[in-house]
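A note on names: the letters A, B, ... follow the listed sequences, proteins ahead of strands, and every chain is numbered from 1. Computed from a prediction, not measured in an experiment: that's the story for all the values here.
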Number of protein chains: 2
Amino acid sequence: MTNVHQDRGLTPVQEAGEVAPEPARPAAVSLHGEVLSRLRDFIVEGNLEGGARIPERRLCEMFGVSRTPLREALKVLASEGLVDLLPNRGARVREFSVSDVTELFDVMGGLEALAGRLACERITEAEFAEIERLHHEMYGAYLKRDMHAYFHANQLIHQAIVAAARNSVLSAAYATYAGRIRRVRYSANLASKRDRWAEAMREHEAILDALGRRDGSELSEILFRHLRNKEAAALDHLKGEAVALGAAEASS
Amino acid sequence: MTNVHQDRGLTPVQEAGEVAPEPARPAAVSLHGEVLSRLRDFIVEGNLEGGARIPERRLCEMFGVSRTPLREALKVLASEGLVDLLPNRGARVREFSVSDVTELFDVMGGLEALAGRLACERITEAEFAEIERLHHEMYGAYLKRDMHAYFHANQLIHQAIVAAARNSVLSAAYATYAGRIRRVRYSANLASKRDRWAEAMREHEAILDALGRRDGSELSEILFRHLRNKEAAALDHLKGEAVALGAAEASS
DNA sequence: TCCAAATATTTTGAATTCAAAAATGCCCTC
DNA sequence: GAGGGCATTTTTGAATTCAAAATATTTGGA
């Protein structure tokens, strides 16, 4: 995966007359955009230690570009909250404290509540049917204790609700914040206890019900509380991890 | 051409003659940050025609910097949604369609609803007392038909609610979206009819009441509907303006 | 005169260069 | 041997340079 990056042959000097074919990616029009999305993915996927200093030069080598587009990308990522820029001291991957995660979950909850409300105003029958289908798929995964399939269907449901809200500003904001907490959220789900799982399933029943009745206020309410519960589970996990880490560090 | 060095030199702030001195700002440590916040303000305040092409060189002259920090600032503003970057075609101030404004107001409504809910959990007595004071101040302005004072107190109340939510991610998001719609929102308030004004005042009574009872769900509900009503007023105004503009352009 | 092709100019995207700030290492003192 | 100041190296911030793309202008032809 990482060698895809190096192999890409995006050499700073355009020595090769013909452009290498790259049908997979939609071929960003600018190096800036290319570097931005690759670096964002790279960070979101957890390939860089949080808090560690990242020399620009190393990243330039990694992506095979000069510092100009890389630095542009870093400024954008800083404005997205993924990176900290210390003046004259370089960039580092932002570390999230417990309170940061709390804040992010609350904002996600607010956005999902909004999405639910708007979705009730605008959702089509076809969209609702698709969500219903995903819900049953998720329920099947729950019965089979297939965590991965459950998690996947769950994500698709929440995404479908956001999409049904038909608000591009909301979608963009949702994507940004989802990216920030993706790592902690995923591992929290993996570690979630069975009882939380059952509870989450019940909440999803209520979500589908409110959506079916197009009751925006109620769906909004349920979604916010649903996220609050996810938040609690994630924080349990995060605190356990912090303790474990601290112990490991103390013993080493 | 070499005097760019000297011109910009040690005083990037004082350089551009037409910009008023602003000692309030904490003097950004980097040119990038300085250019970013000045350009953002410049756009938000409506000094650039929407949709018009903005050559980088002109902006460089205006701010007295080279293209590097300016281009970095443009990328960040593009990610904030204030600017459109057309590949190989330069930057232009983003134009907001009616549906863009609708989307922005809905997101603002979602954020305010969230702020209200969180504020009910966390607000102190002192903060509530201050909001109460602002409310009565606003009511006084309403009775005196002092639009400007009313608008000011109104803004402060909403800001105070967001602040009481104690969520920096929320505050940052709120500030970003508020910046995007500031112009249209202000002019809409100026143009709002008297009956909308009375209605808004009644809504604010309900806001204060729900906040006093720390009823997060209800406050959330009221705030979202309050923003929806603001949205309707703003859209009325916007459509009227569009018609007037179209007529003016047709006749010129 | 008007349109279109060819050429010249401008503007953009990105690499390179240069100065200043920070980090590193060295030596000296204690 | 430890700590502190000074020189060296590295890294960052920002200007400049250069090539490619886009835009404007000129020219040729009907």
Side-chain angles (χ1 to χ4, degrees), chain A residues 5 8-20 22 26-39 48 51-79 83-93, chain B residues 1-16 27-39 48 51-79 83-93:
Chain A
H5 297 163
R8 281 200 70 265
L10 240 173
T11 47
V13 187
Q14 289 86 341
E15 45 189 31
E18 67 255 334
V19 180
E22 45 175 318
V29 288
S30 67
L31 265 189
H32 161 72
E34 174 77 17
V35 170
L36 175 59
S37 72
R38 285 198 3 214
L39 184 54
L48 290 171
R53 183 176 176 189
I54 315 162
E56 291 175 3
R57 212 159 52 75
R58 185 189 305 264
L59 287 179
C60 289
E61 286 165 19
M62 167 180 282
F63 290 115
V65 299
S66 78
R67 285 174 55 217
T68 305
L70 183 97
R71 283 168 58 69
E72 289 169 351
L74 282 173
K75 311 277 188 204
V76 172
L77 292 179
S79 94
V83 160
D84 283 328
L85 291 181
L86 315 204
N88 293 317
R89 299 266 195 97
R92 44 201 73 199
V93 175
Chain B
M1 45 188 71
T2 48
N3 59 2
V4 169
H5 244 83
Q6 295 155 348
D7 278 352
R8 175 190 91 52
L10 320 159
T11 59
V13 179
Q14 292 90 335
E15 185 45 38
V29 288
S30 66
L31 264 189
H32 161 72
E34 174 75 20
V35 170
L36 175 59
S37 73
R38 284 215 294 166
L39 184 54
L48 290 171
R53 183 175 176 188
I54 316 161
E56 291 174 1
R57 217 158 49 74
R58 185 192 306 261
L59 287 178
C60 289
E61 285 164 18
M62 167 180 280
F63 290 114
V65 300
S66 78
R67 284 174 56 217
T68 305
L70 182 97
R71 284 169 57 74
E72 289 170 352
L74 283 173
K75 310 277 188 205
V76 172
L77 292 179
S79 93
V83 160
D84 283 328
L85 291 180
L86 313 201
N88 294 315
R89 296 259 192 98
R92 45 201 72 199
V93 175

Q | Nearest-0.5 Å distance that lies between atom OG in A:Ser30 and atom CG in B:Leu85 | A | 8.5 Å
Q. Looking at side-chain heavy atoms only, is the closest gap between A:Lys75 and B:Lys75 below 4.5 Å?
A. no
Q: Hey, could you give me the CZ/CG distance between B:Arg38 and B:Leu70, rounded to the nearest 0.5 Å?
A: 11.0 Å
Q. How close or far is atom P of C:dT17 from atom CZ of B:Arg67, stated in whole angstroms?
A. 18 Å
Q: State, to 0.1 Å, how close B:Arg92 and B:Leu86 come at their nearest heavy-atom pair, and which atoms those are.
A: NE-CD1, 3.8 Å
Q. When you measure from the side chain of B:Val65, which nucleotide among C:dA15, D:dA14, D:dA15 comes out closest?
A. D:dA15
Q | Value rounded to 0.5 Å, distance of CZ in A:Arg53 from CG in A:Asp84 | A | 14.0 Å
Q | Between C:dT12 (P) and B:Leu59 (CG): distance, integer Å | A | 9 Å
Q. Could you state the interatomic distance from CG (B:Leu48) to CZ (B:Arg58), rounded to the nearest 0.5 Å?
A. 9.5 Å
Q: Specify the separation, in whole Å, of atom CG of B:Leu36 and atom P of D:dG13.
A: 14 Å
Q | Atom pair distance, as rounded to whole Å: CG in B:Leu86 and C1' in C:dT11 | A | 13 Å
Q: Give the minimum heavy-atom separation between A:Val83 and A:Ala91, together with the two atoms involved.
A: CG1-CB, 3.9 Å
Q. Considering only heavy atoms, which members of residues 71-78 of chain A lie under 4.0 Å from some atom of DNA chain C?
A. none
**Q.** Spacing of B:Glu61 atom CD relative to C:dT11 atom C1', expressed in whole Å
**A.** 13 Å
Q) For B:Val76 and B:His32, what are the C-alpha separation, side-chain angles and deciding distance, and is it a side chain to side chain contact (heavy atoms under 4.5 Å, CB included)? A) CA-CA 10 Å; B:Val76 172; B:His32 161 72; 4.1 Å; yes
Q. Whole Å only: how far is the CG atom of A:Leu70 from the P atom of D:dG13?
A. 11 Å
**Q.** A:Thr68 or A:Gly90, whichever maps to the more 5' nucleotide of DNA chain D
**A.** A:Gly90
Hey, what are the protein-to-nucleotides 20-24 of chain C N/O distances that come in under 3.5 Å?
unit_1, atom_1, unit_2, atom_2, d
C:dA23, OP1, A:Arg89, NE, 3.4

Q. Atom CD of B:Glu56 and atom P of C:dT10: how far apart are they, to the nearest Å?
A. 16 Å
Are there any protein N/O atoms within less than 3.5 Å of an N/O atom in nucleotides 6-10 of chain D, and if so, which ones and at what distance?
none

Q: Write down the distance between CZ (B:Phe63) and P (D:dA15), rounded to a whole number of angstrom.
A: 14 Å
**Q.** Between CD on residue B:Glu72 and CZ on residue A:Arg71, distance to nearest 0.5 Å
**A.** 5.5 Å
Q. Is the closest side-chain heavy-atom distance between B:Leu74 and B:Leu39 below 4.5 Å?
A. yes
